[in-house]
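For reference, the structure discussed in these notes is given below.
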Amino acid sequence: MTGLDLTVIWAAIIAFAIIAYVVMDGFDLGIGMLFPRIPVGKQRDTAMNSIAPIWDGNETWLVLGGGGLMAAFPLAYAVILPALYAPLTAMLLGLILRGVAFEYRWRDERHRETWDRAFFAGSFVATFAQGVTLGALLQGISISGRSYSGGWWEWLSPFSMLTGIGLCTGYVLLGSCWLIMKTEGPLQDKAYGYARSATISLLLAIAAVSAATPFLEEKYHERWLEYPNIIATAPVPVATLIIAFLLFRSLIKRLEIAPFLYALGLFGLCIIGLGISIWPDIIPGRITIWEAASPPSSQLFMLVGAAILVPVILAYTAYAYWVFRGKVENEGYH
């Protein structure tokens, strides 16, 4: 097996881990951001119970993605980390705060309101920081030789703020659709309203990010707006509009499973668009996956471990979702 094959395989593994994280942790972060709008009491407890059995396991994919980046693409890791210290640190602190609040709200009932606020704050900070990280990566990182050469605040820009807000909106949509699928009664009714509002907001965010992205790098402009590339990339925005229409229709018809699937479809199209923009770079416009890759012998050694661990992770994740399938009430699943 050639070094090129291994590099592409590892790029696919890391991309898969990131996609799995967005899909699986996105909806529970979204529920956290919805918390202030969910009435205190049974409805809020039901929302929390809908993610209680699975939320911490969802973050396994974040560990796999980060660890895989460090091991398989050490140059990219060495450049990205110092460039994005601030948003990445904020993300980790937000995830920690969310995890602490999740556990303590059940055990410290006298301060449950405080822990609920902390759950919201941790969810928002973690999500916004993830979006800012994505935006900062897309807009470009200053590199001199093999090192980051920019300043402390290079990640902070109107575009990175826009992607941060956009990801928050997207996760709220996933969280709303999850509640539609997993709950009943008044909470489900509210979730339909949250999902409709979030869909409109997400489409506006996608339009704004899509309009700005081609002007960040010349390569983005070539791939999205210049002939003949525009013929190949045009199906992505068209498919986005179609999926958005189907999502709205499913919400109006009050379907339960379809909205979540369509919301995942919107995220999938956004990820496809991201891939079209940056491939084969791992740091857009600066470093390709082959330039950042570790030696083939190292990649092959790690691939053996990944070939064992990834199916195991998929198996126990699938089992957990199967065991806790169905609707959830305040007391638990039924």
Side-chain angles (χ1 to χ4, degrees), residues 11-12 14-19 21-23 26 62 65-66 68-69 73 75-91 126-144 147-171 201-226 229-230 232-234 236-237 240 266-292:
I14 292 174
F16 175 77
I18 293 173
I19 293 170
Y21 173 78
V22 168
V23 169
L62 183 63
L69 179 67
F73 301 99
L75 177 58
Y77 184 86
V79 171
I80 291 173
L81 199 63
L84 302 176
Y85 266 137
L88 290 174
T89 300
M91 179 192 72
T127 303
F128 186 71
Q130 289 174 18
V132 168
T133 298
L134 173 62
L137 191 62
L138 271 174
Q139 73 186 10
I141 295 175
S142 298
I143 298 175
S144 177
S147 304
Y148 172 62
S149 61
W152 175 257
W153 297 104
E154 186 178 80
W155 56 271
L156 183 61
S157 70
F159 182 76
S160 66
M161 296 296 102
L162 177 62
T163 54
I165 293 170
L167 190 62
C168 288
T169 304
Y171 281 2
S201 299
L202 179 59
L203 289 175
L204 292 174
I206 290 174
V209 171
S210 299
T213 299
F215 302 99
L216 297 174
E217 291 277 349
E218 183 179 350
K219 184 174 69 174
Y220 300 163
H221 190 277
E222 292 175 357
R223 292 189 174 180
W224 286 102
L225 299 179
E226 295 186 8
N229 293 333
I230 192 173
T233 57
V236 176
T240 299
L266 285 179
F267 267 86
L269 288 167
C270 290
I271 292 170
I272 291 172
L274 175 63
I276 291 172
S277 296
I278 68 174
W279 177 261
D281 293 346
I282 194 165
I283 299 180
R286 309 295 190 273
I287 300 175
T288 68
I289 59 173
W290 296 282
E291 292 170 338

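One-based numbering along the sequence shown. Note that these values count all heavy atoms, side chains included, but never hydrogens, waters or copies made by symmetry.
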Can I143 and Y148 be said to form a side chain to side chain contact (heavy atoms under 4.5 Å, CB included), step by step?
CA-CA 5 Å; I143 298 175; Y148 172 62; 5.6 Å; no

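- The side chain to side chain contact (heavy atoms under 4.5 Å, CB included) search around E218 returns E222, not counting sequence neighbours.
- The two atoms that bring S160 and A136 nearest to each other are CB-N, 3.9 Å, heavy atoms only.
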Could you go through the side chain to side chain contact (heavy atoms under 4.5 Å, CB included) check for W224 and I230 one step at a time?
CA-CA 5 Å; W224 286 102; I230 192 173; over 6 Å; no

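- The side-chain hydrogen bond (donor to acceptor under 3.5 Å, both in side chains) test applied to W155 returns no partner, not counting sequence neighbours.
- Residue W152 comes nearest to A86 through the heavy atom pair CZ2-CB, 4.0 Å, listed as atom of the first residue, atom of the second, then distance.
- Side-chain contact between L162 and V209 is present, with heavy atoms from C-beta onward closer than 4.5 Å.
- With rounding to the nearest 0.5 Å, the separation of CD1 in I141 from CG in L137 is 5.0 Å.
- L62 meets the side chain to side chain contact (heavy atoms under 4.5 Å, CB included) test with Y21, M91, L95; sequence neighbours excluded.
- L69 CG to I80 CD1: the interatomic distance, rounded to the nearest 0.5 Å, is 5.5 Å.
- Atoms CG and OG1, on L84 and T89 in that order, are 10.0 Å from each other to the nearest 0.5 Å.
- The stretch residues 132-141 participates, sequence neighbours left out, in these side-chain hydrogen bond (donor to acceptor under 3.5 Å, both in side chains) pairs: Q139-S157.
- I165 CD1 to L204 CG: the interatomic distance, rounded to the nearest 0.5 Å, is 12.0 Å.
- For Y77, the ring pair (Phe, Tyr, Trp, His ring centres under 6.0 Å) test picks out no residue, with sequence neighbours left out.
- For S147, there are no side chain to side chain contact (heavy atoms under 4.5 Å, CB included) partners, not counting sequence neighbours.
- A search for side chain to side chain contact (heavy atoms under 4.5 Å, CB included) contacts involving I19 returns V23, I271, not counting sequence neighbours.
- Below 30°, between 30° and 60°, or above 60°: for W290 and W279 the angle between ring planes is above 60°, a perpendicular geometry.
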Please determine whether side chain to side chain contact (heavy atoms under 4.5 Å, CB included) holds for the pair F128 and L167, giving the CA-CA distance in whole Å, both sets of side-chain angles, and the decisive distance to 0.1 Å.
CA-CA 7 Å; F128 186 71; L167 190 62; over 6 Å; no

Run the side chain to side chain contact (heavy atoms under 4.5 Å, CB included) check on F215 and Y220 step by step: do they pass?
CA-CA 7 Å; F215 302 99; Y220 300 163; over 6 Å; no

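- The shortest side-chain heavy-atom distance between L274 and L138 falls under the 4.5 Å cut-off.
- From E291, atom CD reaches atom CD1 of I282 across 11.0 Å, with rounding to the nearest 0.5 Å.
- Remark: S142 pairs with E154 by the side-chain hydrogen bond (donor to acceptor under 3.5 Å, both in side chains) rule, at least two apart or across chains.
- The two residues I287 and A292 make their nearest non-hydrogen contact at CG2-CB, 3.7 Å.
- Between P87 and V132, the shortest heavy-atom contact is CB-CG1, 4.2 Å.
- Scanning for salt bridge (Lys or Arg N to Asp or Glu O under 4.0 Å) contacts around E217 gives R286, with sequence neighbours left out.
- A search for side-chain hydrogen bond (donor to acceptor under 3.5 Å, both in side chains) contacts involving S201 returns nothing, not counting sequence neighbours.
- Residues that satisfy the ring pair (Phe, Tyr, Trp, His ring centres under 6.0 Å) test with F16, not counting sequence neighbours, are W61.
- To the nearest 0.5 Å, atom CD1 of residue I283 and atom CD1 of residue I278 are 10.5 Å apart.
- The heavy-atom pair separating G166 from A205 by the smallest distance is CA-CB, 3.7 Å.
- Of all heavy-atom pairs spanning C270 and I206, the tightest one is SG-CD1, 3.7 Å.
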